[in-house]
There are 2 protein chains.
Amino acid sequence: MRVLKYAILGLLDKGSLSGYDMTSRFKAELGQFWSAKHSQIYPELKKLTDEGFIEFKTVIQGSKLEKKMYSITLEGKRELHEWLTAFKPVPDTVKDEFMLKAYFISAMDLEEAKALFADQLSKRKEKAAFLKKKLEELKEEAGQSISFRSPHFGHYLLLTRALERENGYCSWLLAALEMLADDQPPA
Amino acid sequence: MRVLKYAILGLLDKGSLSGYDMTSRFKAELGQFWSAKHSQIYPELKKLTDEGFIEFKTVIQGSKLEKKMYSITLEGKRELHEWLTAFKPVPDTVKDEFMLKAYFISAMDLEEAKALFADQLSKRKEKAAFLKKKLEELKEEAGQSISFRSPHFGHYLLLTRALERENGYCSWLLAALEMLADDQPPA
DNA sequence: TAGTGCATGTAACACGTTACATGATTCA
DNA sequence: TGAATCATGTAACGTGTTACATGCACTA
């Protein structure tokens, strides 16, 4: 369904960007929920240009370095809007390698399972703390309350969801670790 | 990192299965966190057999229909165990197309955003209800309390995590919808 | 006997990552 | 002047989906 196509259109709808800029965006905030490497972005930009959804102007940076600043066309805006407002089913599978290990927990012994879950909890806690800090920075930057009209609303939604996701994972890991701690070894 | 390889080894560690059986498992419980189509499974089974991690016996079903019952080798068990107990970093990106739309919310008008979020909430609620029912069925089937020693523990972990995941998504959607409802249109 | 499910496989294509390849700019 | 960052592209490979292809078993 070419989601990268829409990710690019959405980014360009907020303003002109180079391919390099997009790569950076995927590494930053947006990266919690979508990402792509430059090797995938550049060919997609070419394709979208050919299809007429975006266009570019070559800009000289410094004295020689060329970069292509892309912007969205009217056709592109229409295409983006159509995707945005379309209802889609919830995906059946959201892949999670750690949960696959959890499903196979019976192939580990108790101490190994405890170590695995404890490691995961510490890493998830760290990520949650990082996201919490990001959210506090955003709230400070945005000043008063963030609402639908705020230019930061999209970013706010992203961060609150990512934080909720990590916190939920931590709660579950903690509950699982408690069950492991309660284990009664067979006599 | 060939995660499908380990998913297959993990499934076979619990008992012999045909390729068809594995496809069914991915459609059922395990499918919340990992899945693969038969077109990907069959070549992987061949590869794992060549590598010596699994082996098969051809069984006749009925009078003619042949099926290959795979089982894990000692080498395969060692390989599985190594993967299971290895600590890995939390992935930077867990892709979520809906969250990409949420990030681009400013390209929609208020009514469109409300409709999109309301649709997603109703679908997520439905999925949460389905998972809750599955969890209750498991608890009933397992009888007394489920612990590390229970053969259902892996399944229990999977279901509780999947349910927590959907419930968390619902809470966030509800909070977002409240913010959209509170919108003060500019005079 | 027709439809659904069981059972296995390959081919073509789409999506994604790693590696290869090059060069300019900025700042310490 | 060396390192990090800006900037763009292609090639090879790995993963994942859809479509093509076939045939048996069960049951309504």
Side-chain angles (χ1 to χ4, degrees), chain A residues 1-8 11 16-28 30-31 33-51 54 56-70 83 88-89 91-97 100, chain B residues 1-8 11 16-28 30-31 33-51 54 56-70 83 88-89 91-97 100:
Chain A
M1 40 217 64
R2 290 184 66 192
V3 181
L4 178 58
K5 163 181 163 179
Y6 299 105
I8 290 172
L11 283 173
S16 295
L17 294 170
S18 68
Y20 188 88
D21 294 332
M22 293 174 202
T23 312
S24 311
R25 299 299 176 97
F26 283 130
K27 274 184 206 142
L30 187 49
F33 298 101
W34 207 267
S35 67
K37 314 280 184 189
H38 78 274
S39 53
Q40 199 182 358
I41 292 169
Y42 289 117
E44 187 65 33
L45 288 171
K46 198 178 178 186
K47 200 172 177 187
L48 288 170
T49 306
D50 291 345
E51 291 168 329
I54 62 175
F56 68 88
K57 277 184 195 167
T58 301
V59 174
I60 305 290
Q61 202 75 350
S63 66
K64 277 185 200 169
L65 183 61
E66 290 193 349
K67 70 171 173 179
K68 293 178 181 172
M69 289 302 286
Y70 288 90
W83 168 76
K88 290 213 183 161
D92 291 324
T93 305
V94 175
K95 291 190 174 180
D96 183 333
E97 191 175 343
L100 195 59
Chain B
M1 39 216 65
R2 291 183 65 193
V3 181
L4 177 58
K5 162 181 164 178
Y6 299 105
I8 290 173
L11 283 173
S16 294
L17 294 172
S18 68
Y20 188 88
D21 294 332
M22 294 175 201
T23 313
S24 312
R25 300 298 176 95
F26 283 130
K27 274 184 207 144
L30 187 49
F33 299 102
W34 207 268
S35 67
K37 314 282 184 187
H38 77 276
S39 55
Q40 197 182 1
I41 292 169
Y42 289 118
E44 187 66 32
L45 287 172
K46 199 179 178 184
K47 200 171 177 188
L48 289 170
T49 306
D50 291 346
E51 290 169 328
I54 62 175
F56 67 89
K57 278 185 195 167
T58 302
V59 174
I60 305 291
Q61 202 75 350
S63 66
K64 277 185 200 168
L65 184 61
E66 291 193 350
K67 70 171 174 178
K68 293 178 181 171
M69 289 303 286
Y70 288 90
W83 168 75
K88 291 215 181 156
D92 291 325
T93 305
V94 175
K95 291 191 174 180
D96 183 333
E97 190 174 342
L100 195 59

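Labels below follow one simple rule: chain letters A, B, ... track the order of the sequence lines, proteins then strands, and each chain is numbered from 1.
Remark: P of C:dT22 and CD of A:Glu66 are 19 Å apart, rounded to the nearest angstrom. Between the CG atom of A:Leu4 and the P atom of C:dT17 there is a distance of 10 Å, given to the nearest Å. A:Lys5 has its NZ atom 14 Å from the C1' atom of C:dA14, to the nearest Å. The interatomic distance linking B:Lys27 (NZ) with D:dG16 (P) rounds to 17 Å, in whole Å. At whole-Å resolution of the value, CG in A:Leu100 and C1' in D:dT15 are 15 Å apart. Summarising the geometry, the separation between CG on B:Leu17 and C1' on C:dC6 is reported as 14 Å, rounded to the nearest angstrom. Per the geometry, CD belonging to B:Glu44 stands 16 Å off P belonging to C:dT8, to the nearest Å. Atom CE of A:Met69 is separated from atom P of D:dC6 by 14 Å (rounded to the nearest Å).
For A:Ser63, no side-chain nitrogen or oxygen approaches OP1 or OP2 of C:dA24 to under 4.0 Å. Distances shorter than 4.0 Å separate none of the side-chain N or O atoms of B:Lys37 from OP1 or OP2 on D:dT15. Distances shown here put every side-chain N or O of B:Gln40 at or beyond 4.0 Å from the OP1 or OP2 atom of D:dT15. Listed pair A:Tyr42 / D:dT8 meets the phosphate criterion, a side-chain N or O lying under 4.0 Å from OP1 or OP2. The phosphate of D:dA25 has neither OP1 nor OP2 within less than 4.0 Å of any side-chain N or O from B:Gln61. Of the side-chain N and O atoms in B:Lys46, none sit less than 4.0 angstrom from OP1 or OP2 of C:dG9. Neither OP1 nor OP2 of D:dT8 sits under 4.0 Å from any side-chain N or O of A:Tyr20.
Between the side chain of A:Ser18 and the base of D:dT8 there is no donor-acceptor pair of N/O atoms closer than 3.5 Å.
Nucleic acid contact for A:Lys95: sugar-phosphate only, since backbone atoms but no base atoms lie under 4.0 Å from a heavy atom of the residue. Within 4.0 Å (heavy atoms only), A:Met22 reaches no atom of the nucleic acid at all.
Considering A:Trp83, A:Trp34, A:Tyr6 as possible partners of B:Glu97, the one that fulfils the side-chain hydrogen bond (donor to acceptor under 3.5 Å, both in side chains) test is A:Trp83.
The shortest side-chain heavy-atom distance between B:Thr93 and A:Phe26 does not fall under the 4.5 Å cut-off. Looking at A:Ser18 and A:Lys68, their side chains never come closer than 4.5 Å, going by heavy atoms from C-beta outward. With contacts defined as side-chain heavy-atom distances shorter than 4.5 Å, the pair B:Lys47/B:Arg2 qualifies.
Between C:dT25, C:dA7, D:dA7, one nucleotide has an atom nearer to the side chain of B:Leu65 than all others, and that is C:dA7. Of the candidate nucleotides D:dA19, D:dA25, D:dA7, D:dA7 has the atom nearest to the side chain of A:Lys67. Among the nucleotides C:dG16, C:dG9, D:dT18, the one closest to the side chain of A:Trp34 is C:dG16.
Comparing A:His38 and A:Met1 by the nucleotide of DNA chain C that holds the closest heavy atom to each, the one mapping nearer the 5' end is A:Met1. For the pair A:Arg2 and A:Ile60, nearest-nucleotide mapping onto DNA chain C gives the more 5' position to A:Arg2.
To the nearest 0.5 Å, atoms CG (B:Asp96) and CZ (A:Phe33) are separated by 6.0 Å.
For the residue pair A:Asp21 / A:Ser24, no side-chain donor-acceptor distance below 3.5 Å is found, with atom types taken as modelled.
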